[in-house]
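Single-structure report; data block below.
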Amino acid sequence: MADEHERVQLPHSPSTSTFKDDIFKGKVLFCTGGGSGICYEMTKAIMTHGAQATIVGRKAERLESAAQSLSQSTGKRCIAASGDVRKPEDLANAVRKTIEAFGRIDFVICGAAGNFLAPIEGISSNAFRTVLEIDLLGTYNTIKATLEEVKKTRGSYLHVSATLHYSGIPWQSAPSAAKAGVDALSNALAVEMGPLGVRSNCVAPGAIRGTEGMERLAPKGSEDLIDLGIPLQKMGEKGDIASVGVFLFSPAATWITGEVIVCDGGGRHFQGPMLPYPTSTLDPQAIKSLVTGSKL
Ligand code: COA
């Protein structure tokens, strides 16, 4: 039985154990949603490898304190530009602040997102639009505000997508539709800007422990069940997504554009426990009585 087996969990390895310390020396990152969660961790990793950064978010106080702790922990400068990605003028201000402080933008992370659980019949038109406006229109607004600078540096975009829209997830219609749009927008950006040397990719995180998303979306007390439903037997760490960001901005990825890198421990390939899982893998004989028509 599964309980009798040791649950194998591969340890997380920080990007510094794989990539050189200074690969982003002289580079500047512009990150929406960088005040917390996955985007904070991505900003930290990219700054740890030498970049300076601007983080953008709606909660001014939290953003300011995040910028301070990012500067302290990495020894590089991070500035806060409070604003709402739904407002193009806020992003224009944030870009202006970034150019005044650092003179350039090399990397852009479009990470600001909004989400809540609501069934299609229960969500209002305004609520649906709100999620689309933050996730999809906010991504477009960020691209529009930064593109002129990113073209100058032949820089690169990374959009925080999701795996929700690969199948139908109940109570997630708005974010699923929005993230499908983000993937499509990234592809169009990759094709239009490729000839100018600008790349655009997405990272699609699965369940990541300790994020606002998991707090809002996962049923309470379901952590262990979620872990067991992931082929690699655990939820991801914020650092797992940060490492994908480091890779995609690094020179190792200069020929990668228009891609979605899924980082989910294999979760999207497992649609639910048709057979007891992981017992069916670890100890097939134990479930023999449940299986008909099999030569097990
Ligand atoms: N269920 C159903 N509808 C909801 C809702 C919920 N849990 N939360 C908000 N809404 C509706 C509101 O009722 C409103 O619709 P209405 O005018 O028809 O009543 C609409 O969504 C807009 O809500 P509002 O609170 O005005 O939007 P906001 O711009 O202040 O906040 C949200 C944006 C709704 C996305 C909010 O959840 C948020 O700020 N989230 C923070 C970031 C986040 O979600 N992180 C997780 C990322 S995975």
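For reference, positions follow the sequence shown, starting with 1. All ligand and atom numbering here is 1-based and tracks the order in the structure.
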Quiz prompt | Flag: protein heavy atom within less than 4.0 Å of atom 17 (O) of ligand 1 | solution = yes
Quiz item: In the protein, what heavy atom is nearest to atom 31 (O) of ligand 1, and what distance, to one decimal place, separates them?
Solution: Arg58 NH1, 3.9 Å
Self-check item: Salt bridge present between Asp240 and Lys234 (N-O < 4.0 angstrom)
Solution: no
Self-check item: Residue part near ligand 1, for Ser124, under 4.0 Å between non-hydrogen atoms
Solution: side chain
Quiz item: Are any non-hydrogen protein atoms located under 4.0 Å from atom 39 (O) of ligand 1?
Solution: yes
Exercise. May I ask which of Asn115, Ile208, Ile38 has a heavy atom nearer to atom 44 (O) of ligand 1 than the others do?
Key: Asn115
Self-check item: Sub-4.5 Å side-chain heavy-atom contact between Leu29 and Phe24
Solution: no
Quiz item: Which of the numbered atoms in ligand 1 are below 4.0 angstrom from a heavy atom of Gly213?
Solution: 48 (S)
Practice problem: Return a yes/no value: protein heavy atom under 4.0 Å from atom 23 (O) of ligand 1? | Solution: no
Quiz item: Please state which protein non-hydrogen atom is closest to atom 35 (C) of ligand 1 and give its distance, to 0.1 Å?
Solution: Gly114 CA, 3.7 Å
Quiz item: Looking at atom 46 (C) of ligand 1, what's its closest protein heavy atom, distance included?
Solution: Arg216 CD, 3.8 Å
Quiz item: Which residue supplies the protein heavy atom nearest to atom 27 (O) of ligand 1, what is that atom called, and how far is it?
Solution: Thr130 CG2, 3.9 Å
Quiz item: What protein heavy atom is closest to atom 2 (C) of ligand 1, reported as residue, atom name and distance in Å?
Solution: Phe116 CE1, 3.6 Å
Quiz prompt | Protein contact of atom 43 (C) of ligand 1 - nearest heavy atom, named by residue and atom, plus distance | solution = Ala113 O, 3.5 Å
Quiz item: What about Ile38 and Leu158, same hydrophobic cluster or not, with Ile/Leu/Val/Met/Phe/Trp/Tyr joined at side-chain heavy-atom distances under 4.5 Å?
Solution: yes
Quiz item: Hey, is Glu215 touching ligand 1 through its side chain, its backbone, both or neither, going by heavy atoms under 4.0 Å?
Solution: neither
Quiz item: Tell me, do Phe116 and Val131 make a side-chain contact under 4.5 Å, heavy atoms counted?
Solution: yes
Quiz item: Under 3.5 Å, side chain of Asn201 to main-chain N/O of Ile256, donor-acceptor pair present?
Solution: yes
Quiz item: Any protein heavy atom under 4.0 Å from atom 29 (O) of ligand 1?
Solution: yes
Quiz item: Closer than 4.0 angstrom: is that true for some heavy atom of Val131 and an atom of ligand 1?
Solution: no
Quiz item: Is Arg129 in contact with ligand 1, taking contact as a heavy-atom separation below 4.0 Å?
Solution: no
Self-check item: Short side-chain to backbone donor-acceptor contact, Thr130 and Asn126, under 3.5 Å
Solution: yes
Self-check item: Contact check: Asn126 vs ligand 1, nitrogen or oxygen atoms, below 3.5 angstrom
Solution: yes
Quiz prompt | Closest to atom 20 (C) of ligand 1 among Ala127, Ala112, Gly37, Gly57 (heavy-atom distance) | solution = Ala127
Quiz item: How about atom 12 (C) of ligand 1: does it have a protein heavy atom within less than 4.0 Å?
Solution: no
Quiz item: Are the charged groups of Glu149 and Lys152 less than 4.0 angstrom apart, N to O?
Solution: yes
Quiz prompt | Any side-chain heavy-atom pair of Arg86 and Leu137 under 4.5 Å | solution = no
Practice problem: Side-chain contact test, heavy atoms from C-beta onward, threshold under 4.5 Å: evaluate it for Ser200 versus Met193 and give yes or no. | Solution: no
Self-check item: Closest contact, heavy atoms only, Ile143 versus Cys110
Solution: CG1-SG, 4.4 Å
Self-check item: Donor-acceptor pair, side chain of Gln233 and main chain of Ile230, under 3.5 angstrom
Solution: yes
Exercise. For Arg86, counting its heavy atoms only, list the atoms of ligand 1 lying under 4.0 Å from any of them.
Key: 29 (O)
Quiz item: Does Asp22 reach the main-chain N or O of Lys25 with its side chain, forming a donor-acceptor pair under 3.5 Å?
Solution: no
